There are 2 protein chains.
Amino acid sequence: MSELAGNVLVGQSGGPTSVINASVAGVIAEALNHECIEEIYGTLNGVLGLLNEDFIDLAAESQQQIRALRHTPGAALGTCRYKLKKQQDFERVLEVFKAHNIRYFFYIGGNDSQDTADKISKLAQAQGYELRVIGVPKTIDNDLPVTDHCPGYGSVIKYLAATVREVACDSEAMGQGDLVSIIEVMGRSAGWIAAGAALAKRRDHPHDPPHLILLPEVPFNQEKVVADVSRVLKREKFCSIVVAEGLVDADGNYLAASTATDAFGHAQLGGAGDALAAIIEGSLPGVKVRVAKPGLIQRAAAHAASKTDSDEAFLAGQAAVRAAIRGETDKMVTFVRGQTEHYTCETGLAPLSDIANGVKLLPPEWINEDGVSMNFQFARYAQPLIQGESIVPHENGLPAFAQLQKTRVDKVLPPYEIV
Amino acid sequence: MSELAGNVLVGQSGGPTSVINASVAGVIAEALNHECIEEIYGTLNGVLGLLNEDFIDLAAESQQQIRALRHTPGAALGTCRYKLKKQQDFERVLEVFKAHNIRYFFYIGGNDSQDTADKISKLAQAQGYELRVIGVPKTIDNDLPVTDHCPGYGSVIKYLAATVREVACDSEAMGQGDLVSIIEVMGRSAGWIAAGAALAKRRDHPHDPPHLILLPEVPFNQEKVVADVSRVLKREKFCSIVVAEGLVDADGNYLAASTATDAFGHAQLGGAGDALAAIIEGSLPGVKVRVAKPGLIQRAAAHAASKTDSDEAFLAGQAAVRAAIRGETDKMVTFVRGQTEHYTCETGLAPLSDIANGVKLLPPEWINEDGVSMNFQFARYAQPLIQGESIVPHENGLPAFAQLQKTRVDKVLPPYEIV
């Protein structure tokens, strides 16, 4: 395969994670090693930047700032939830790529983003425009197929497991058989994140917090949960519950949706945690329930990120560039776990179309029969992903994050109207 | 003052903080230095242990565990919200003290706890039982009078300021002029905690997040807040709000109380954050609001504790023992800030009765005229309290906390019935 000379474009898409910027840093660090790569651009706000020609010059950023990306949460290039749909949009993207001689496109995101990358890649091929497109996985939801796991997942569950352990210290001190603490975590359709909180238990301490994990995979049964809580309160004096925001009842209705509407008619006041608290307080008189809902905090908690996760996110960015240089295209970087007893992880490649159309579910056989805890197979899978502590430099007592100067690349095309 | 030989009893009371155990460690470490001190006991669950003779032998704990207390959240001795009220309760406590030859009593807590300590001290004096009682301040609320600040406060605001900064990275990446993120923090009657989030702003960057801080001290004005949000969204593309749980309107009604009741008639479904979200979404069509409510997480976040705070909490425990050995009694340890430009802090003493009956309010002159931000005087006060990062040892990817073995001290009195 001959060397393809041209410019790199990297973009971020979907919800941020605490390590998605590490992948951008990996792309930049690796791209600098290859002479065939001329400019390294970033697209602002994902596909919006693709359509509007909103590019920045990443090679103009200082090395300190690029290094700082490795521990900066959010998405430094900006992201969006806008989806390219019309053929016209795709044509425009290709026109923009041609105008800026983009020959390497790296797109960091989840299923939808990989689908977008796939379509851009196929259109370029159809038009005979040589473009190498490599996706980089990203999602706290850990639901991309083929890859063993996704960058972002290890850090969110590390933060949540640490938080469960900390809050349990607090609740244990206060509990007199009457205290329930609920932590509502992300995860609308799958319980990967809630399951990760199980890592807070020490090995061979099944009675450690969290005492109950309520997964979207296990339909909510009010009587069983109340009985479980009651039993744990007697045994432990307090009860630690982790509930996925997407908890549903046997009919598939969100627990959250059962809460009352407010003065404006909004149904989403409070979530699964608040609804569960009301049920427990209503069923067990004298019991006090405290609800915590970390919300965006959990996916932005870079100060508590997993070093393994952060390093792997960086590695995925590097691997994407290397693959493209080798001539690969229309693929996503995957993680392949070694078969050894000690955790090892290498990168692989999978066709974008395999990623775009699949979802990886939490294996039901990793959930214990009690429906509220995870077995050793889950622990064996997840434990390696939270190892190591990412070091975030602090300034004046607080984490100091990258601030890109964002030198704009001149636009060369007429404006495009996004409808 | 002659040396008083006898046993030490230390207890914890009220809501835990991420550094209250550091004060216990300080008491133990210092007590070991004095030969006149024979046994070092801890009372389990504060006054409940005092009444029930539930004591543990702290000298029997390993040195590793005592050292680990310096970074363990919660309250390792257990705590309670029970208040001694009846004269009979106080008589019982003194009877228990005499039975175990307790001559030094150190009580770590807030206003109520210092009031209890004061009453126990005065009763001992009245009965001619020589007892030295020294209180150790503790409260994330930072509302104890006389002392410059309280152990626990620095860590909660360090965690929240870091969290505001992290979530802002996330929201900035997603915002297109339509994203509001709300973090609801503790603070029912005073805004000390919410104000602390202001430290997330870099010096001379008044437009940094948090963009709006809604304090209990400033009555909620719906029109003004909606206009503020709207203006920030135009300028910054996203809006970061910190709201104290105790936000009230001009009539003194909690904002939270305006939310609808649920099927069980509970009014407290959702809090100030959810209520504010409903107001903003109702007033600004197209705007999405994300609410995070760290709840207990914020006061248990030992992994992000302030080293200054943790060290001062330890120091306060040591100072309490030294003062008692010197013959002081019926006092609380206070923090006295040096008058130098660089922050220094020494311990002092104040009569327990001065603490028990006072409350320190957030100075209104530290709130900017806009009512939603803090001025340089607040920053000058609070910034030193969040300096330095407490190092928490990790095991298998998660913080490892102290696990006391809690060797029980034999009871010598007949049981007491708590009514």
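Just so it is clear: chains get the letters A, B, ... in the order the sequence lines come, proteins before strands, and each one is counted from 1. Since this is a predicted model, take the numbers as computed values, not measurements.
Heavy-atom distances place no part of B:Q12 under 4.5 Å from chain A, backbone and side chain included. For a residue to count as touching a neighbouring chain, one of its non-hydrogen atoms must lie under 4.5 Å from one of that chain's; by this rule B:F238 does not touch chain A. Neither the backbone nor the side chain of B:L44 comes within contact range of chain A; no heavy atoms are under 4.5 Å apart. Interface residue B:T79: backbone and side-chain heavy atoms are both found under 4.5 Å from chain A.
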For residues 164-175 of chain B, please give each side-chain donor-acceptor pair under 3.5 Å, one per line with the distance, not counting sequence neighbours.
residue : atom : partner : partner atom : Å
B:R165  : NE   : B:A200  : O            : 3.1
B:R165  : NH1  : A:P399  : O            : 2.8
B:R165  : NH2  : B:A200  : O            : 3.0
B:E166  : OE1  : A:H303  : ND1          : 3.2
B:E166  : OE2  : A:A302  : N            : 3.1
B:E166  : OE2  : A:H303  : N            : 2.8
B:E166  : OE2  : A:H303  : ND1          : 2.9
B:D170  : OD1  : A:R299  : NH2          : 2.9
B:D170  : OD2  : A:R299  : NE           : 2.7
B:S171  : OG   : B:V167  : O            : 3.2
B:S171  : OG   : B:S181  : OG           : 3.4

Let me check something: any side-chain donor-acceptor pairs from residues 388-398 of chain B under 3.5 Å, sequence neighbours excluded? List them with distances.
residue : atom : partner : partner atom : Å
B:E389  : OE2  : B:K158  : NZ           : 2.7
B:H394  : ND1  : B:V392  : O            : 2.9
B:N396  : OD1  : A:Q387  : NE2          : 3.1

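Atoms CD1 and CD1, on A:I297 and B:I183 in that order, are 5.0 Å from each other to the nearest 0.5 Å. Atom CZ of A:R81 is separated from atom CD of B:Q176 by 12.0 Å, given to the nearest 0.5 angstrom.
Taking B:L199, B:N45, B:L48 one by one and counting their heavy-atom pairs under 4.5 Å with chain A, the maximum is reached by B:N45. Ranked by non-hydrogen atom pairs under 4.5 Å with chain A, the options B:A161, B:G295, B:P384, B:A292 are led by B:A292. With chain B as partner, the option from A:G14, A:P73, A:G78 having the largest number of non-hydrogen pairs under 4.5 angstrom is A:P73. Annotation: maximal heavy-atom pairing with chain A below 4.5 Å, among B:G74, B:G273, B:G46, occurs at B:G74.
Sparse packing is recorded around NZ of A:K237, with 12 or fewer heavy atoms of other residues, nucleotides or ligands lying under 6.0 Å away. Within a 6.0 Å sphere centred on NZ of B:K201, heavy atoms belonging to other residues, nucleotides or ligands number more than 12.
Using a 4.5 Å heavy-atom cutoff, the side chains of B:Q403 and A:R202 are in contact.
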